[in-house]
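Notes follow once the structure below has been shown.
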Amino acid sequence: MNLRERVERALERGDRAAAWAALDGAAPADAGTATEGDARDHALLVLAVGAHDPSHEGLAERAAGLARTFAHDAEVAVAACAALNAIAARRPPDAPPREGGAEALALEVADAALVGDPPVELRAYLLVNRAQALRALGPERDAEAVAAYGAAIVLAPDRGAWHFELGVLHKWRGRWDDAALAFAEAKRHLGETRGVRWNEALVATARGRGADALEAWQALGLAATRPEDAAPDRLPQVPDLPPLRVRVPAKASGYGPPQDAEERRYEVVWVAPLTPGHGVVQSPTFDEAPIDYGDVVLWDGAPVAEEGVGLAGEPPRRVPVFPLLEILRRGDERRYRFVAQLAEGDLAAMMDALPGGCRAFAHGAPSEGLAYGKLVVPAGPDLKDVRARLEAVLAARRTLRFAIPGLYEATADAKRAGLEHQAWRGIERRAGVRGADA
């Protein structure tokens, strides 16, 4: 059995370690002395295995090095780009763009190979790999990415996967009409695959095309329903879907205890799904995030993380986390940040006294009894009534220390709002927390 056969057999078994062992055991003594023959074949095998195993240590440098070694070989360049883009694809699609990385190397390799005027088929593959790299480099490179996808598709118009990838780019940038056209082309070439149908459902939902979304979800075998006389933008629903977790890029709000000084991070919320792609946010955000309790949002179907959740005293269970795509409708709830020193039963007593539909969410405590959170008030109740009821609870429960400046700002009581800001700082000082000015 020759080297290629051993590598292919290992990949068929899913044994990537065996594939790498076979390659490393048969490495040419000096791959830089030839651009054809054994060294070239070995390089192509390394890059093919790398595309299957993008987490392999040192792969990015190895792929870029092989592309430089065979600098005038467009086929090696295509294989190197595929391996490098596979590495880049391991980053979640909602991750912020970064400088450098495998995607930057893939762009460099593709651009260098395109200068050499390769054959049409290889040129098309280089262009689509260039597009993939540009997509990973962020919105600032979108125009170039779209142009590269377009140029590749002109050379190979029947490649449905490339139309699909163009649709993915438009989806992540919120260009829903463009995404619809790209996925329609993908379906024309690929047929009604699950991936195409799922994205059709998401795009139809984002565009408010209720009948189209219904058709797509039903084609996936889901029991989606929608009234026959519904307005065109009335979206379908799928019953009995369990709650799920959606994450959104967020920054520290400046409220609460000191936090890691990361430039960008995420906050995760619970969502009540109406379909597998859209639903209503059921927990508030506390950081600076674009969504909050009550908003109707759209998310992508592929999870980007897992997290452990569970009730107190129980081992956490692992649940998938999905990335936010779009805000479909803002909730009409009013949301106000608070800080409190709570004793057992304080939060429940407060909720019992407030009008129906009001909810308070605590976001955890850096020290015993201290909690940051949000009070959510639906559209109906009068805020002055909410304020009066809350004040009655605070007067009755002397141990409860509570500050909620935003509620007083919303009722145009500037003097009391100022006192609430002072109370916020005082609560934090008593708890030994150096929080930000509320």
Side-chain angles (χ1 to χ4, degrees), residues 92-94 160-248 268-283 290-291 293-307 309 318-331:
D94 61 340
W162 297 359
H163 292 281
F164 185 91
E165 293 299 330
L166 175 58
V168 169
L169 170 62
H170 289 312
K171 174 182 72 173
W172 276 103
R173 304 296 187 252
R175 296 188 289 263
W176 299 107
D177 291 345
D178 292 332
L181 292 173
F183 287 126
E185 277 298 301
K187 183 167 73 171
R188 192 164 72 85
H189 297 289
L190 299 175
E192 296 186 358
T193 66
R194 183 174 180 80
V196 168
R197 274 301 195 180
W198 193 282
N199 279 284
E200 280 187 327
L202 296 181
V203 170
T205 300
R207 300 173 79 204
R209 306 290 180 87
D212 293 342
L214 176 69
E215 180 186 355
W217 290 127
Q218 288 180 341
L220 287 165
L222 298 168
T225 60
R226 181 174 176 271
E228 292 185 4
D229 59 348
D233 62 349
R234 173 76 176 271
L235 296 173
Q237 295 191 19
V238 176
D240 303 322
L241 295 174
L244 54 75
R245 301 283 272 166
V246 169
R247 80 177 188 183
V248 56
V268 182
V269 296
W270 283 105
V271 174
L274 300 173
T275 68
H278 88 290
V280 184
V281 179
Q282 295 293 287
S283 60
I291 63 173
Y293 182 98
D295 291 342
V296 180
V297 297
L298 181 77
W299 57 87
D300 198 37
V304 287
E306 280 192 347
E307 65 174 14
V309 299
R318 304 298 294 176
V319 299
V321 176
F322 299 89
L324 179 74
L325 281 176
E326 189 70 272
I327 304 164
L328 301 179
R329 188 176 71 249
R330 295 290 183 185

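Within the model, atoms CD1 of Ile291 and CZ of Arg247 stand 12.5 Å from one another, a figure rounded to the nearest 0.5 Å. The line from CG of Leu328 to CG of Leu235 is 7.0 Å long, rounded to the nearest 0.5 Å. Annotation: the span from Trp176 atom CH2 to Leu298 atom CG amounts to 5.0 Å, rounded to 0.5 Å. One finds the CD atom of Gln282 at 11.0 Å from the CG atom of Leu244 (value rounded to the nearest 0.5 Å).
Nearest approach of Gly160 to Ala186, heavy atoms of both residues: O-CB, 3.7 Å. Scanning all heavy atoms of the two residues, the minimum distance from Ala213 to Ala201 falls at CB-O, 4.2 Å. Nearest heavy atoms, Pro276 versus Leu222: CG-CD1, 3.4 Å. For the pair Pro236 and Leu214, the tightest heavy-atom approach, listed with the atom from each and the gap, is CG-N, 3.7 Å. Closest heavy-atom contact between Val246 and Pro323: CG1-C, 4.4 Å. Across all non-hydrogen atoms, the minimal contact from Val203 to Ala179 is CG2-CB, 4.0 Å.
In this structure Glu307 satisfies the side chain to side chain contact (heavy atoms under 4.5 Å, CB included) test together with Arg245, Val268, Val309, Val319, Val321, sequence neighbours excluded. With sequence neighbours excluded, no residue forms a side chain to side chain donor-acceptor pair (under 3.5 Å) with His163.
In this structure, the side chains of Trp270 and Val281 stay at 4.5 Å or more apart for every pair of heavy atoms. Residues Pro227 and Arg234 are in side-chain contact: their nearest non-hydrogen atoms beyond the backbone lie under 4.5 Å apart.
One N or O on the side chain of Asp295 and one on the backbone of Gly331 form a donor-acceptor pair closer than 3.5 Å.
Screening Val271, Leu324, Val304 against Trp299 for a side chain to side chain contact (heavy atoms under 4.5 Å, CB included) leaves a single residue, Val271.
Residue pairs meeting the side chain to side chain donor-acceptor pair (under 3.5 Å) criterion with at least one partner in residues 198-216, sequence neighbours excluded, are Lys171-Asn199, Asp177-Arg207, Lys187-Glu200, Arg197-Glu200.
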